[in-house]
Undergrad: 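Have a look at the structure that comes next, please.
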Amino acid sequence: MRPQVSVRPVHIGVFAAVLVLVGGLLLGWSGRAGAAADPLLSRGKAATASSTEGSSYAAGKAFDGDTGTRWASAEGKDPQWLRVDLGANATVSRIKLSWEAAYAKAYRLEVSADGAAWTAVAEEAAGDGGTDDWTGLTGKGRYVRMYGTARGTSYGYSLFELEVYGVTGTTPSPTATPSPTATPSPTGTAPGGAFTVVAAGDIAAQCTASDSACAHPKTAALARKIDPKFYLTMGDNQYDDARLSDFRAYYDKSWGAFKAKTHPVPGNHETYDPAGSLSGYKAYFGSIAYPQGKSWYSFDEGNWHFVALDSNAFDQSAQIDWLKADLAANTRKCVAAYWHHPLYSSGGHGNDPVSRPVWRILYDARADLVLNGHDHHYERFAPQDPDGKATADGIVEIVGGMGGAEPYPIEQVQPNSQKRISGDYGVLKLDLTDSGYGWSFVGTDGKAKDTSPTYSCH
């Protein structure tokens, strides 16, 4: 979830009077503070929307109580709307919206007795995302919708959750216009155990939050507020020589806050430690980085198999043999692998062929996703094979080296590179389901700098 933002003060009386003059649409005004005592009415109710970005982002995802799922509209189009059928006439007292990075700059909250005639209960003209909590409302109706009129980004509209609170009436509700495309939302855990992962590489420069130019405390704050299932790091966790004392002085003060939920891999800077290659890295992370006794390991979550590799040791047969055996034993549908040195990159380091044999093993095992760092920029590639040929059954690669180290420029754009961003710090927010995935590159300002297509697992 995107970090919450402060909401500007509102002069209630003046604003309400202005709204009455321009149309009398505002039935109740929210100070966006406090919590209503009325029960939540919208959880698990039938929902529909003007559009969806794909099957993984259906309308019901915004009413399932799972902040790891979301509704997302088609990109680049206004207006868009999302509505829920409460199942009975109700007095609505509170509406809470939890925006993903693709938020609404302008929208109305509306209620309706029949799903045809709508009345506004609140209106936003200068939204900035995060969480909008509208309290003190007095709208009446069976249907509630968010009607977005202006996007805050170049993408679409996307909500993790839209919560409607109030009291259901005792009298029968008016006959409603049926919603032929309504999609019942799931209850409890999302189907297939959908979850969110935050990832980044090239993280802790030798600076702290006391330096306003220091980026890794900002990416850590963003990563922590997203509150994923767990975190992945793609190497060069600590600069310059990755001594244990440096890990404690810098990384630990930012990304160390969620070390227990982190699955790291080492980069080349971890090998520079004067105490020995990976010495500080191993001492700091301990069994978190060596759960199977080596600097490479694997683990499962939901329908996903994650493979953490040490690209400093791709020439060691022990790791290659282990990888082949690990993939042969895998029973999960979706496979993601991550390490430091990318096979393909448009940045200063460029392509690193050390990864090609590993790519071939992953490709033969029908792996889906590879995450790397090393070059300090963001880049995503179309699915491709180990030889760089675009193919629908290829591996999707993301370079995510924007975790805090000084950015590198884009130098030579590689074939199949679909998007490149240099100069912005941030994290990858990966949205994973039992059969597919997508992601956003979220900047430290909380805004999505890029949003991927939605992919199905092989």
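Excluded from the calculations below are hydrogen atoms, water molecules and symmetry mates; all remaining heavy atoms, backbone and side chain alike, are included. Every value quoted in this text rests on a predicted model; they were computed, and no experiment measured them.
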Undergrad: If the condition is side chain to side chain contact (heavy atoms under 4.5 Å, CB included), which residues does T262 pass it with, not counting sequence neighbours?
TA: Y231, T233, Y251, F258, P264

Undergrad: Any side-chain heavy atom of F381 within less than 4.5 Å of one from L343?
TA: no

Undergrad: Not counting sequence neighbours, list each pair that qualifies as a salt bridge (charged side-chain N to carboxylate O under 4.0 Å, His left out) and has a residue in residues 322-347.
TA: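 Passing the test, one end in residues 322-347: D300-R332.
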
Undergrad: Can the ring centroids of F247 and F285 be said to lie less than 6.0 angstrom from one another?
TA: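 Close enough - the centres of the two rings lie under 6.0 Å apart.
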
Undergrad: Looking at residues at least two apart in the chain, or sitting in another chain, which of them share a side chain to side chain contact (heavy atoms under 4.5 Å, CB included) with S311?
TA: F314, W339, H340, H341

Undergrad: Residues in side-chain hydrogen bond (donor to acceptor under 3.5 Å, both in side chains) with D315, at least two apart?
TA: none

Undergrad: In chain order, what residues pass the side chain to side chain contact (heavy atoms under 4.5 Å, CB included) check against K218, with sequence neighbours excluded?
TA: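 By the side chain to side chain contact (heavy atoms under 4.5 Å, CB included) rule, K218 matches T444.
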
Undergrad: For the residue pair D431 / T433, report whether a side-chain donor-acceptor contact shorter than 3.5 Å exists.
TA: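 Per modelled atom types, T433 and D431 side chains form no pair under 3.5 Å.
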
Undergrad: With ring-ring contact (aromatic ring centres under 6.0 Å, His included) as the rule and sequence neighbours excluded, what pairs involving residues 410-430 come up?
TA: none

Undergrad: Which residues pass the side-chain hydrogen bond (donor to acceptor under 3.5 Å, both in side chains) test with Q414, not counting sequence neighbours?
TA: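 Residues passing side-chain hydrogen bond (donor to acceptor under 3.5 Å, both in side chains) with Q414: N351.
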
Undergrad: According to salt bridge (Lys or Arg N to Asp or Glu O under 4.0 Å), who are the partners of E301, at least two apart in sequence or on a separate chain?
TA: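 Residues passing salt bridge (Lys or Arg N to Asp or Glu O under 4.0 Å) with E301: K229.
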
Undergrad: Does any part of the side chain of R151, heavy atoms only, come nearer than 4.5 Å to the side chain of D78, both counted from C-beta?
TA: yes

Undergrad: List the residues meeting side chain to side chain contact (heavy atoms under 4.5 Å, CB included) with V84, not counting sequence neighbours, and say none if there are none.
TA: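 Checked V84 against side chain to side chain contact (heavy atoms under 4.5 Å, CB included); matches are S42, K45, F63, L86, V144, V164.
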
Undergrad: Could you note down all residue pairs passing salt bridge (charged side-chain N to carboxylate O under 4.0 Å, His left out) where residues 352-366 supplies at least one of them, sequence neighbours left out?
TA: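 Matches after skipping sequence neighbours: R360-D387.
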
Undergrad: Applying disulfide (SG to SG under 2.5 Å), which residue pairs with at least one partner in residues 397-447 are found, sequence neighbours left out?
TA: none

Undergrad: Keeping to residues at least two apart or across chains, list the side-chain hydrogen bond (donor to acceptor under 3.5 Å, both in side chains) pairs with something in residues 283-292.
TA: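 Residue pairs passing side-chain hydrogen bond (donor to acceptor under 3.5 Å, both in side chains), neighbours aside: D252-Y284.
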
